[in-house]
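Scroll down for the structure; my scribbles are underneath it.
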Amino acid sequence: MSRPKLKMVFKVATSAILNQNYKGHGLSKGKEREQRASIRFKTTLMNTLMDVLRNRPGWVEVKDEGEWDFYWCDVSWLRENFDHTYMDEHVRISHFRNHYELTRKNYMVKNLKRFRKQLEREAGKLEAAKCDFFPKTFEMPCEYHLFVEEFRKNPGITWIMKPVARSQGKGIFLFRRLKDIMDWRKGNAGKKLTSLEAQPARSTANPSGSHDARSSDDQKEDIPVENYVAQRYIENPYLIGGRKFDLRVYVLVMSYIPLRAWLYRDGFARFSNTRFTLSSIDDQYVHLTNVAVQKTSPDYHPKKGCKWMLQRFRQYLASKHGPEAVETLFSDMDNIFIRSLQSVQKVIISDKHCFELYGYDILIDQDLKPWLLEVNASPSLTASSQEDYELKTCLLEDTLHVVDMEARLTGREKRVGGFDLMWNDGPVSREEGPPDLSGMGNFVTNTHLGCVNDRKKQLRQLFRSLQGQKKASS
Amino acid sequence: MLQEESDLSLVIAQIVQKLKGSSLYAQLERQAWGSWEKRILKSLNSMCTELSIPLARKRPVGEQKELLNKWNEMGTDEPDLSLFRPVYAPKDFLEVLINLRNPNYENGDSLSFRTHLGLIQVPLKVKDIPELKEFFVELGLTTGQLGIDDSTQVPPELFENEHVRIGQKVLAEQDSAAAQQYIRQGSPTALRAELWALILNISSQPEDILYYEQLKTNVIQHDLLVDSLIYKDVKLTASNDDYYFVFEDYLYQVLLCFSRDTSVLGHFAYNSASPPKSYIRGKLGLEEYAVFYPPNGVIPFHGFSMYVAPLCFLYHEPSKLYQIFREMYVRFFFRLHSISSHPSGIVSLCLLFETLLQTYLPQLFYHLREIGAQPLRISFKWMVRAFSGYLATDQLLLLWDRILGYNSLEILAVLAAAVFAFRAVNLMEVTSLAAAEAVLADLSTLKVMPLLQIFLFATVT
């Protein structure tokens, strides 16, 4: 069935992007839409998604009740409407129905633990050990006793308590003594939470993924018990200039069954604004590198930006540790992406209409081992600087190229712009030609994280050759 | 016979010209530099009296302890620096250079094609493109380069792998001269730190580390007025840079020690400048009470910290970083802000830049001049900073590789001209200085080596 070649009609959760706290619109099906009159408007610097969609040739914006072919929705709309929305075969939507299996911290841990056990059964301990990229995590309060056991086994180490469903660093605190969380457990959570804490706890009946642009939709609710996870805090992070940082990497998943995932070459390292020291666990500004948190730190100067593009980071590491060490680190990161996706492969409803652009947060420790901090289903698309704007616009443009509403691609491409096909129901090799099934030979994965991104040139060549092929076959 | 005679006389005339020039230059330099130095010192002293801050004072013990504790994170300090002003900025310095005149040199009233239409009116000898091609022969089209032949389209077997292998060999043999020759084709990222150390003859001996520690102690014990200037400069420049902000603390650690390092005074032996002097209170004019101020004789100007920032990419150990910077300074960087007739001095670089433009891009040069946008006004700041903060870091390091390899700063002038050549089409369309500045505001996407190669070897002259 041919896809309509005429105007691509797109719909964007406009309000969710422009008015960050404005919640829910979209197709109303008798459900009462929650509208807020005056909300705190966050000043968004640039609306990258809107710019990209508007500038795409042949794409037309539809508002309100119009029919659409493409919807970059927010997760709350999805939750309310996905199940009773009919979509034609060609229609695409930017989230998987139950993405929270990967993006909510407690579910992700569960899935990963289960996957690891399965791997151990099937392939042995060594293979299972490849899943040890997630710091030991316990769900609270249900796994409290398991946590205490682990806590007692490792006295003196630092733990971090994170709410499962929030983002931008809200509600997070560090602790070393059980005493610190006794209060919390008794319901005195408010005391421990930092001054950033502005929004009351969310109900647990709302399993939504973390959303960098979260809307506060609660009215007068009683403060229910919120789900947290207690995670082992990585005490020896890799420091640059004495500062802690984490990496933001973009992974595009086009389907789960079979698993098709693309890795974007660009990304960035986000720096904490202050110097790292374990003696100041109460200074959450030190430990949390999330840009949203940094922006409220008294040290923050917006001009500073506190981000490095991944290319710069990769070069810095290479000049310090040599190219081989860097290769190992980056292939360990590939391992994280693949394994984390594999662990939820069987749980996520792999609807052919869905795709998802994830923001992975990775922390590197001093031994150059990467750790997975979390996966974001709605990575922030607002730009904090000119450079950031360009990165995000290119990222979104290339995402739309891969989604390919215009039906231009053959489906055999290994690279589209800044995206490299990382997994196609199996590993994808950088080399051309048939896969080396003998198992010998040098298998180099087709990933180029932090490498040169000459996407414009590649796209030109790609589309030119596709046009040529089309002409030849018509 | 006649031909030979006239050739000979031509040669003699040239020699006489050179000789005439040189001794006068010495005088000239001294005059110009002398008045410039006086101005700087005056500015420093007036800041001193205005703010009632002594040029130097001993820190009380409590303050010393505090500073020692904070040594690795001085960037967190936010002292009130609003009243401090940088002593001078590159553009002030440019004005001085523009006004340099050789009173003995008769330009003649009639304009000829020889007339130099740029800002610099000192007739120093600079290389032309054929001479530059010879000087920079390893940058030629047929020689492999890092920055060109290591790009993604080129298979590493063609050049890169072999080049890396040779680099490793050079390091293994610790051959400084070979390293200098090798690095003309660029240094592999992983080997750069060691290669530079080898070329600059830096090896971290225990006495070097001790020396650095001694300087650190000096910083702890005494507070100098220039310290505030350094703080201010770092905050204004490197801390605001997208890439160098991370290294803020290292910059303080290096620059504060640098200003107390009297061994830097040694470079004044070959620098036509002389270090500024100050007198103990009440003993003005008495030589026995004269001290160099600051102790290293170098007064930082706006942007000075950018000399150090790129080095933080390569060296993480403070005393090694310090040594490398100091050596780079006394070999190269000092020439960028002192007046001399040296071919790598800033005056020669400016003249080289202008001559290249006027000779090989005359249309562009005249056009810019007509609209009141003398090219040097834009490129001066690039050269004074050796392009630090203007180019992307990896490109900057490739450029500095060549500075070390050729032991000359002339490449800065060549690159400046090449940038203008690259953006010539856009520049021809502008009608004001501001618009010209805008065209040349962002150099962060430039690839240095292709630009240089095209300008030197692929442009029809």
Side-chain angles (χ1 to χ4, degrees), chain A residues 239-245 265 268-277 279-280 283 285-286 297-309 311-327 384-388 390 415 430 448 451-455 457-458 461, chain B residues 69-78 150-153 156 160-161 164 168 187-196 235-253 309-318 321 392-398 442 444-445 447:
Chain A
L239 302 176
I240 295 183
R243 290 170 214 236
K244 186 174 157 175
F245 64 92
R265 295 190 178 198
F268 44 88
R270 298 178 291 207
F271 285 90
S272 154
N273 218 36
T274 46
R275 285 81 186 143
F276 179 80
T277 157
S279 58
S280 59
D283 183 2
Y285 298 112
V286 176
S297 153
D299 273 351
Y300 182 74
H301 295 291
K303 269 181 158 185
K304 272 188 186 166
C306 53
K307 281 185 187 175
W308 263 13
M309 291 294 130
Q311 280 78 10
R312 186 69 61 240
F313 169 71
R314 192 168 176 149
Q315 268 170 3
Y316 176 88
L317 279 191
S319 70
K320 201 168 170 197
H321 300 280
E324 294 87 17
V326 173
E327 275 295 329
S384 57
S385 69
Q386 182 59 30
E387 198 176 39
D388 201 38
E390 266 156 43
R415 182 186 169 188
R430 222 179 256 182
H448 300 85
C451 295
V452 164
N453 186 4
D454 53 345
R455 55 180 287 279
K457 187 162 158 201
Q458 197 270 347
Q461 287 170 342
Chain B
N69 282 340
K70 266 195 334 201
W71 183 255
N72 288 323
E73 39 181 60
M74 280 186 274
T76 50
D77 227 2
E78 297 272 339
D150 55 337
S151 75
T152 44
Q153 291 87 358
E160 202 182 342
N161 288 348
V164 172
Q168 285 162 339
S187 165
T189 318
L191 306 179
R192 184 174 277 125
E194 286 179 63
L195 277 171
W196 283 22
K235 288 280 182 211
L236 284 180
T237 54
S239 297
N240 274 329
D241 187 288
D242 281 336
Y243 288 110
Y244 300 128
F245 70 90
V246 172
F247 303 121
E248 191 184 338
D249 298 325
Y250 292 147
L251 297 177
Y252 297 124
Q253 292 173 24
L311 302 174
C312 297
F313 238 72
L314 302 173
Y315 303 100
H316 315 100
E317 213 274 296
L321 174 62
T393 314
D394 60 323
Q395 295 301 310
L396 183 78
L397 293 172
L398 287 169
D442 183 9
S444 58
T445 51
K447 300 277 179 257

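Values in this document were obtained by computation on a predicted structure and should not be read as measured data. So you know, we letter chains A, B, ... as the sequences are listed, proteins then strands, and number each from 1.
- What you find for A/Pro323 and B/Ala190 is that their closest heavy atoms are CD-CB, 3.8 Å.
- Contact record, B/Val246 with A/Ile240: CG1-O, 3.3 Å, taken as the closest heavy-atom pair.
- Distance check: A/Gln315 CD to B/Leu397 CG gives 8.5 Å after rounding to the nearest 0.5 Å.
- The NE2 atom of B/His316 sits 5.5 Å away from atom OG of A/Ser319, with the distance rounded to the nearest 0.5 Å.
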Query - Derivation of the side chain to side chain contact (heavy atoms under 4.5 Å, CB included) call for A/Tyr316 and B/Thr393 - result: CA-CA 10 Å; A/Tyr316 176 88; B/Thr393 314; over 6 Å; no
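- With a threshold of 4.5 angstrom between heavy atoms, A/Gln311 does not approach chain B through any atom at all.
- The contact between B/Tyr250 and chain A is made entirely by side chain atoms (from C-beta outward), counting heavy-atom distances below 4.5 Å.
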Report task. Check the pair B/Phe245 / A/Trp308 against side chain to side chain contact (heavy atoms under 4.5 Å, CB included), numbers first and verdict last. Result -> CA-CA 10 Å; B/Phe245 70 90; A/Trp308 263 13; 4.1 Å; yes
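- With rounding to the nearest 0.5 Å, the separation of CG in A/Leu317 from OG1 in B/Thr189 is 12.0 Å.
- The shortest distance between side-chain heavy atoms of B/Phe313 and A/Arg312 falls below 4.5 Å.
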